[in-house]
Amino acid sequence: MPQQVPSDVIAFPRRERVVLAVVLSENPGPGGVARLTVLAEDGARFPLPADQVFARFPGLLDQTAAGPAPQRLGKLRAGASTPLSWSKAIAGAPAGATLTFDELAVAAGARTSNERLRVALALGASEPWLRRTGPTWFVVPAEEARAKVAAAEAARRAEREDAAIAEWWPRRESSLPPDGAKGAVEAIREYAIRGDAPGCTTPVSDRGRTLAARFDMVEPDQVLDALAACGLLDPATNPAPWRAALAGGFAQDATDEARRAAAAPCASSGREDFTDLHTVAVDDEETTEVDDAISVRRVPGGVEILIHIADTAAVVPVGSPLDLVLRARATSLYVPDGAVTMLPGVLVEDRVSLDAGVVRAAVTGVFVVAPDGAVVSSRFVRSLVRVTNRLTYDATRDSSVLAATPADAAALVAAAEALRAARIRDGAIVLNLPSMKVRAEDGAPHLEVRHQDTAGDSVVAEAAVLYNAEAGRLFASRDVAALFRTQEAPRGAAPDATDPLFPVLVRRRFAPSHVRVEPSRHHGVGRDAYAQCTSPMRRYADLVNQRQLLAVAAGEPPPYLPAALETIAAEISERERAVRRAADDRMWHWIALDVKRRGVTSFEGVLTRAPRRGMGGVWVPDLLQELPLRAPDRWRAPPEGTRAVWPVGRVSPWRSRIELSPPPEEKT
């Protein structure tokens, strides 16, 4: 007679799967919960509280079948482990309901023990349609479950694509990527274009960054370079707006607000009318955001300078949808390819910009300047202005164009020179270094040196300092918090102006500027309180200060308290740095393209930094920039200040980089 063997099969959850076991014995336990001794599929024997069992199948194991119980349990699993569509099985169950196993078995149409066993085993893969809560299962809302299914499928697809691009990457310059790698190609392209600055990344670009790390490319510019080399990057691609987090455009509510503001008439109530004054705006030819203009009147004891700043605060209320977008953008971006404005274009063009011939709202600073450069009086008012002439800097080499008459223009220029001399007496450090202006036209770079030596350069620069310094002085005198620009004293002694490295050495002296809500000296401009208000169309910090300034001038409470300004200062400082980095990178992209296009093989320059760990620096007057010098490990560098002809080593436009090499005769 065959030996009697245990035959009751149970199913219970263990981590992410359903375990089958045979019951060896059953005894009373504490609290009325029976204690089972079970033998599981893997041969493990252990006690199990009965309340952990969600399904029991009496007599399911054939009592006369041969073989050990674990082996027979394995056969049972193999025979019952077929997929079950839980989305269909529970289609009639309401979302949020909790169901027992028996109810789930009925919903799945299971009648026999083997069919019920199939349902029990399928519960190990019931996510995301069901979520186990003890002995019952919670019915997840179908929309949520489908989203999880889609996410899981996307993850599996991404894993396949990542494997495909990893296999193709080493031969990328000789073959096209496989069709099965499209998503991975897009991810690595998005990482290359967006970069990895805070606020610029997306889940897709994060995936691309992970892929790039697998290819030993730790910088997005390396990926840009690689994609360009294998033809996967459009030559016209401009990553700067993406890396500055300014490429996403404006939300619909912000755009609607801008259009309404642009269409609204410019109200004259409460504004001084300066439209009869001869007013000039001086900017680069390509400038679209004209946010400052100047008028001049000769008065007893000096000159009255009227500096008109676009009244951006009048059309962007604090805390409005548009204001929140501008706060996130922080500043405009200027690159050789063009500009990405902080404000929506319709607002710039139709309402705010101080364009010639149209009446626009402004915040005018009226300053009387004595012949010695002292500011005799100052006031700030809301105004109406009409720019008479829009001028380029080159046009102001004839200074007479700066005012209605040559005599008025001469008085304006003399006042600017007196203001500058007064600042220098007060400790300001005024530099007039040339800069490199880079333009891109029809896909080709154009480089020209800008000397900033016109009458317009002097007048515009001193007007901005005057306006911002007087605004800062007013804030400080009224104990009003603002976004003050501060700068510590220069380091070390001033270099000799005849030193060939003068442009490099003098820049090294300057400490970085900071934004603080309390006034502190700005050593560069020579003022104890300096609050920039002159570019409210281009910089959010200036818009904030313009709002504070208008409130103080009107004797009203300022809209921002110090704590709020501290938060804004931290936000915009980081954003401004990101935009500057993006602009610099794009400028150097075009400079490198120019060097490559012209086939430049060497530059005359002066060694500024002896190589350390293989990298040094060379000042190149032709580019008005310091270029990196890559040298062999054992190269013996000459003294800093040595002038030589330095061969061009590596030119990587997409990495915004030009590297020089040691002169041949200096190599060892």
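- Here the CD1-OG distance, from Ile188 to Ser205, works out to 11.5 Å after rounding to the nearest 0.5 Å.
- For His589 (side chain) and Pro653 (main-chain N/O), a donor-acceptor pair under 3.5 Å exists by modelled atom type.
- Under a 3.5 Å cut-off, the side chain of Glu349 and the backbone N or O of Val346 do not form any donor-acceptor pair.
- At least one donor-acceptor pair under 3.5 Å links the side chain of Glu41 to the backbone N or O of Leu20.
- Side-chain atoms of Gln548 come within 3.5 Å of backbone N or O of Ala481 as a donor-acceptor pair.
- Contact of the Asp8 side chain with the Arg56 side chain is registered, since non-hydrogen atoms from C-beta on lie closer than 4.5 Å.
- Side-chain contact check for Leu326 versus Leu322: some heavy-atom pair is nearer than 4.5 Å.
- Contact of the Glu566 side chain with the Arg516 side chain is not registered, since no non-hydrogen atoms from C-beta on lie closer than 4.5 Å.
- Taking a cutoff of 4.0 Å between a charged side-chain nitrogen and a carboxylate oxygen, Asp225 and Arg657 do not qualify as a salt bridge.
- Residues Asp206 and Arg209 are paired through a salt bridge, judged by an N-O separation under 4.0 Å between the basic side chain and the carboxylate.
- Proximity of a side-chain donor or acceptor of Trp168 to a complementary backbone N or O of Leu176 within less than 3.5 Å is detected.
- Here Arg156 pairs with Glu153 in a salt bridge; the nearest charged N to carboxylate O distance falls below 4.0 Å.
- Contact check on Arg259 versus Glu257 returns no salt bridge, with no Lys/Arg side-chain nitrogen under 4.0 Å from an Asp/Glu carboxylate oxygen.
- For the side-chain contact (heavy atoms from CB on, under 4.5 Å) with Pro220, the qualifying choice from Ile193, Asp196, Asp585 is Asp196, the only one to do so.
- Counting only heavy atoms from C-beta outward, the side chains of Arg189 and Leu232 approach each other to under 4.5 Å.
- The existence of a salt bridge linking Glu161 and Lys182 is excluded, since no basic side-chain nitrogen approaches an acidic carboxylate oxygen closer than 4.0 Å.
- Between Phe12 and Phe46, the two ring planes are perpendicular [angle over 60°; tilted spans 30° to 60°].
- Cation-pi geometry between Arg329 and Phe250 is satisfied (NZ or CZ under 6.0 Å from the ring centre, within 45° of the ring normal).
- By the 4.0 Å N-to-carboxylate-O rule, Glu190 lies close enough to Arg194 to be salt-bridged with it.
- Checking Thr98 against Thr136 by side-chain atom types alone, no donor-acceptor pair falls below 3.5 Å.
- The number of heavy-atom neighbours closer than 6.0 Å to CD of Glu159, taken from other residues, nucleotides and ligands shown, is 12 or below.
- Between the side chain of Thr237 and the main chain of Leu233, no donor-acceptor pair closer than 3.5 Å is present.
- Ser81 places no side-chain N or O within 3.5 Å of a backbone atom of Ala78 that could act as its donor or acceptor partner.
- A 4.5 Å side-chain heavy-atom check between Leu130 and Val140 finds every atom pair outside the cut-off.
- Heavy atoms of other residues, nucleotides or ligands lying less than 6.0 angstrom from CZ of Arg160 number more than 12.
- Heavy-atom contacts from other residues, nucleotides or ligands closer than 6.0 Å to CZ of Arg45 number 12 or fewer.
- A heavy-atom distance below 4.5 Å is found between the side chains of Arg207 and Asp162.
- Side-chain contact check for Glu289 and Tyr334: at least one donor-acceptor pair (N or O, by modelled atom type) lies under 3.5 Å.
- Checking side-chain atoms of Thr312 against main-chain N and O of Leu543 turns up no donor-acceptor pair under 3.5 Å.
- Remark: the backbone N or O of Ala122 is paired with a side-chain donor or acceptor of Trp86 at under 3.5 angstrom.
- Ion pair Arg547/Asp323 flagged as a salt bridge, since at least one NZ, NE, NH1 or NH2 atom sits closer than 4.0 Å to an Asp/Glu carboxylate oxygen.
- Residues Trp137 and Leu123 form a side-chain contact, since some pair of their non-hydrogen atoms from C-beta on lies under 4.5 Å apart.
- Between Glu144 and Lys148 there is a salt bridge, since at least one side-chain N of the basic residue sits less than 4.0 Å from a carboxylate O of the acidic one.
- Counting heavy atoms from C-beta on, the side chains of Arg575 and Leu246 come closer than 4.5 Å.
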